[in-house]
Structures are given as C-alpha cells and as structure tokens.
Amino acid sequence: MSIQTPKIEKKVTLNTIAKMKGTEPITMVTAYDALFAQLFDGEVEMILVGDSLNMSFLGKEDTLSATMDQMIYHTQAVCNGAKLPLIVLDMPFGSYSTVEDAIHNATRAYQETNAQAVKIEGGKERASIVKALTQNSIAVLGHIGLMPQFLRSDGGYKIRGKTPEDIHALVEDAQALEAAGAFAIVVEGVKVEAALAITKAVSIPTIGIGAGNVTDGQVLVWSDMFGFFEAFRPKFVKQYMDGAKQIRQGLALFRDEVKERTFPSEAYSY
Ligand code: KIV
C-alpha cells in the first residue's frame with residue numbers, strides 16, 4: 001500500500017476548511033480519547049468528538065442518552081491528544097432544544113474545552129439556533145440527512161433524498177444552515193444525487209458519511225472504519241483494518257504465553 005498524500009503540518013482553522021471547498025477533499029474522523037486523538041493528529045483535517053461515543057464506547061443502543069458533561073469530558077481528552085486538526089464537539093440530544101439552552105451549552109463547550117466548533121443536527125427548523133450561536137461567536141457544523149438524534153421520532157434510520165421533493169427539502173435545509181452562518185455541513189445517509197445537489201447549492205463545504213463521493217469531504221466513525229465496532233456495519237463503512245480480529249489475536253497470544261509461563265521472559269523482567 002503506498003500512501004501518497006502528505007501529512008498535515010499546520011493547525012487547521014475554519015479558514016483552512018472554507019478554502020478547501022472545490023480544491024481538496026476534507027478528511028474527518030471521530031475520536032473520543034487522547035490516545036487515539038494523538039494517533040490521528042496530522043493525519044486528518046478535522047476530528048469530531050461525536051455523540052456516537054455513546055454507542056461505540058458506552059455500549060448504548062443509540063446516541064440519545066449522551067450528555068453535555070460526557071461530551072465535554074471526551075472533548076477535553078481529544079484536545080489533549082491532538083493539536084493540529086480542527087476539533088468539533090457534537091452537541092448531544094436535548095442540549096440545544098431552545099436558543100437559551102444552545103447558547104448555554106455551546107458556551108460550556110468553548111469554555112471547558114479547546115474545541116473550535118460545535119455540531120448540531122437539523123435543517124431549516126434549527127436555523128434560528130445556528131444563527132444565535134454564530135452571532136455569539138460560536139462556530140457551527142451543521143448535520144442534515146439521516147440524523148441519528150431523530151432515530152426515535154423518525155421511527156428508524158432512514159436514507160434520505162430518494163424523491164425530487166426530498167432532495168429539494170434537503171437543499172433548502174443546507175441553504176438555511178449556510179445563511180445562519182454554519183461553516184460546513186455533515187450530510188449523512190443520503191442518495192448520491194441528493195448529496196450532489198446539496199454540495200452544488202451551498203458555498204460552504206459538505207462532509208459526507210454514506211453520501212457517496214460527491215461531497216467536499218468524508219467523515220467516518222473511527223471504531224467502524226478500523227473494525228472495532230461489531231454490533232452492526234452500515235453499507236457505507238469501509239473497514240481500513242480488522243481491529244477486533246487483531247486485538248483478539250493479540251489477547252490469545254498473551255493468554256497462551258501467560259498460561260505456558262513464557263511471558264514474561266528474561267527480556268521483560270528486572
Ligand atoms: O456522532 C457522530 O459520530 C456523528 C458522525 C456520524 C457524523 O455524528
């Protein structure tokens with residue numbers, strides 16, 4: 001495997017991301033702790049401390065019970081580990097239901113962590129909240145299409161953009177978020193045609209997940225892309241390594257060596 005793209009050497013800012021639209025695809029992964037954030041430092045432009053941690057790291061069935069305290073704790077850890085990427089704290093369900101809550105909680109995100117932006121799920125119905133945040137100097141990453149925080153009210157994870165009407169609604173959502181001051185938009189679980197229409201309709205970058213290769217960037221959940229999360233695998237997840245298998249192999253070797261008393265050998269003893 002030959003790696004051709006250079007590592008990122010300078011701190012990524014909102015300006016860097018804005019300039020990348022139409023010039024260079026943006027890479028983003030999730031991270032939840034300092035250890036992995038350090039590994040991702042210099043490898044991707046953006047890190048999302050996603051509320052997906054509620055599933056991949058807390059073993060919950062969905063993201064809905066994630067709390068602001070939890071997101072702050074994990075974002076602090078990620079900020080300790082990664083210095084170069086633009087770090088985004090994912091606002092959990094219920095933390096931005098009103099303008100007051102949104103400002104209060106996003107202010108906590110800025111004051112208690114070094115995150116450079118927050119992420120909010122929702123389209124035009126959330127534009128007033130995004131506007132209130134951006135007017136209060138808080139950078140916002142939008143999130144439209146399949147929105148995991150809407151799981152229960154939508155009755156499941158639903159792929160969007162299957163009809164011209166729905167594509168039109170998604171385009172309107174994206175335009176409303178851009179007008180409200182969002183610096184970029186995550187576009188999740190939409191048909192490729194819809195992702196293309198959204199990407200063409202706005203001048204801010206779109207970051208796709210399950211949206212084909214027509215968006216301005218791509219985001220994946222790290223535990224999915226490296227094969228650690230085994231509960232289910234959505235179609236859009238490409239596994240870049242078989243993490244769970246490798247861990248089990250390592251543990252089996254450790255178990256064998258301990259049982260056989262070949263570990264620790266002299267080399268690992270004082
Ligand atoms: O929480 C998360 O990890 C996300 C990504 C799926 C974009 O919102």
Side-chain angles (χ1 to χ4, degrees), residues 17 25-33 36-37 40 44-68 70-75 77-78 82 85-96 105-106 109 113 115 117-123 126 130 140-152 154 156-160 170 173-174 177 182-190 195 198-199 204-212 215-226 228-229 231-239:
I17 298 301
I26 299 160
T27 53
M28 182 180 198
V29 294
T30 64
Y32 315 118
D33 59 47
F36 279 87
F40 303 158
V44 289
E45 279 89 16
M46 293 169 73
I47 288 184
L48 172 68
V49 187
D51 61 357
S52 51
L53 66 84
N54 210 45
M55 297 166 76
S56 18
F57 280 74
L58 263 84
K60 300 276 180 68
E61 274 192 9
D62 57 41
T63 61
L64 300 190
S65 58
T67 65
M68 202 59 210
Q70 205 180 317
M71 299 313 299
I72 284 177
Y73 173 83
H74 286 276
T75 305
V78 168
L86 189 141
I87 296 173
V88 181
L89 178 150
D90 202 4
M91 298 285 284
F93 179 71
S95 67
Y96 53 96
N105 287 313
T113 80
V118 298
K119 179 169 81 61
I120 279 189
E121 292 184 13
R126 287 267 156 80
V130 172
V140 178
L141 174 62
H143 184 154
I144 60 171
L146 184 161
M147 295 174 288
Q149 291 181 12
F150 287 63
L151 167 72
R152 295 187 202 168
D154 282 354
Y157 294 118
K158 305 245 165 77
I159 300 302
R160 298 278 312 271
L170 287 165
D173 283 339
L177 293 176
F183 74 93
I185 306 172
V186 169
V187 179
E188 177 167 0
V190 303
I198 295 164
T199 301
I204 54 174
T206 55
I207 317 279
I209 174 162
T215 49
D216 300 303
Q218 296 292 331
V219 54
L220 282 177
V221 170
W222 88 258
S223 43
D224 290 342
M225 67 189 287
F226 296 131
F228 287 96
F229 186 71
F232 59 90
R233 168 140 70 107
K235 177 178 178 186
F236 63 80
V237 173
K238 178 171 178 184
Q239 280 190 353

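Counting starts at 1 for both ligands and their atoms, following the listed order. All heavy atoms count here, side chains included; hydrogens, waters and symmetry mates do not. Index from 1, following the sequence. None of these values were measured; they are calculated from a predicted model.
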What atoms of ligand 1 come closer than 4.0 angstrom to any heavy atom of [X]?
X	result
G50	1 (O), 2 (C), 3 (O)
S52	1 (O), 2 (C), 3 (O)
T30	3 (O)
D90	1 (O), 2 (C), 8 (O)
I209	6 (C)

Spell out, as yes or no, whether a donor-acceptor pair under 3.5 Å connects the side chain of D90 to the backbone of D51.
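Answer holds: yes.
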
Exam field: side chain Y96 to backbone K119, donor-acceptor pair closer than 3.5 Å:
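Pair absent, no side-chain N/O of Y96 close to backbone of K119.
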
Residue part near ligand 1, for [X], under 4.0 Å between non-hydrogen atoms:
X	result
V221	side chain
H143	side chain
T63	neither
L53	neither

Please name the pair of heavy atoms, one in M225 and one in V237, separated by the smallest distance, quoted to 0.1 Å.
N-CG1, 4.2 Å

Nearest to atom 7 (C) of ligand 1, what protein heavy atom do you find, and at what distance?
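Minimum-distance protein heavy atom for atom 7 (C) of ligand 1 reads L48 CD2, 3.7 Å.
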
Assess whether ring-ring contact (aromatic ring centres under 6.0 Å, His included) is satisfied between F226 and F229, documenting all intermediate values.
CA-CA 8 Å; F226 296 131; F229 186 71; over 10 Å; no

Kindly determine whether M28 and V44 satisfy side chain to side chain contact (heavy atoms under 4.5 Å, CB included), including the steps that lead there.
CA-CA 6 Å; M28 182 180 198; V44 289; 5.9 Å; no

Nitrogen or oxygen atoms of [X] and ligand 1 under 3.5 Å apart:
X	value
E188	no
K119	yes
Y32	no
E121	no

From T215, D173, V187, residue fulfilling side chain to side chain contact (heavy atoms under 4.5 Å, CB included) relative to I198
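Result for side chain to side chain contact (heavy atoms under 4.5 Å, CB included) with I198: V187.
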
In terms of relative ring orientation, are F36 and W222 parallel, tilted or perpendicular, with 30° and 60° separating the classes?
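Rings of F36 and W222: parallel, under 30°.
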
In terms of ring plane angle, is the pair F232 and Y157 parallel, tilted or perpendicular, where the classes change at 30° and 60°?
tilted

Find out whether R233 and Q239 are in side-chain contact, i.e. whether some heavy atom of one side chain is under 4.5 Å from a heavy atom of the other.
yes

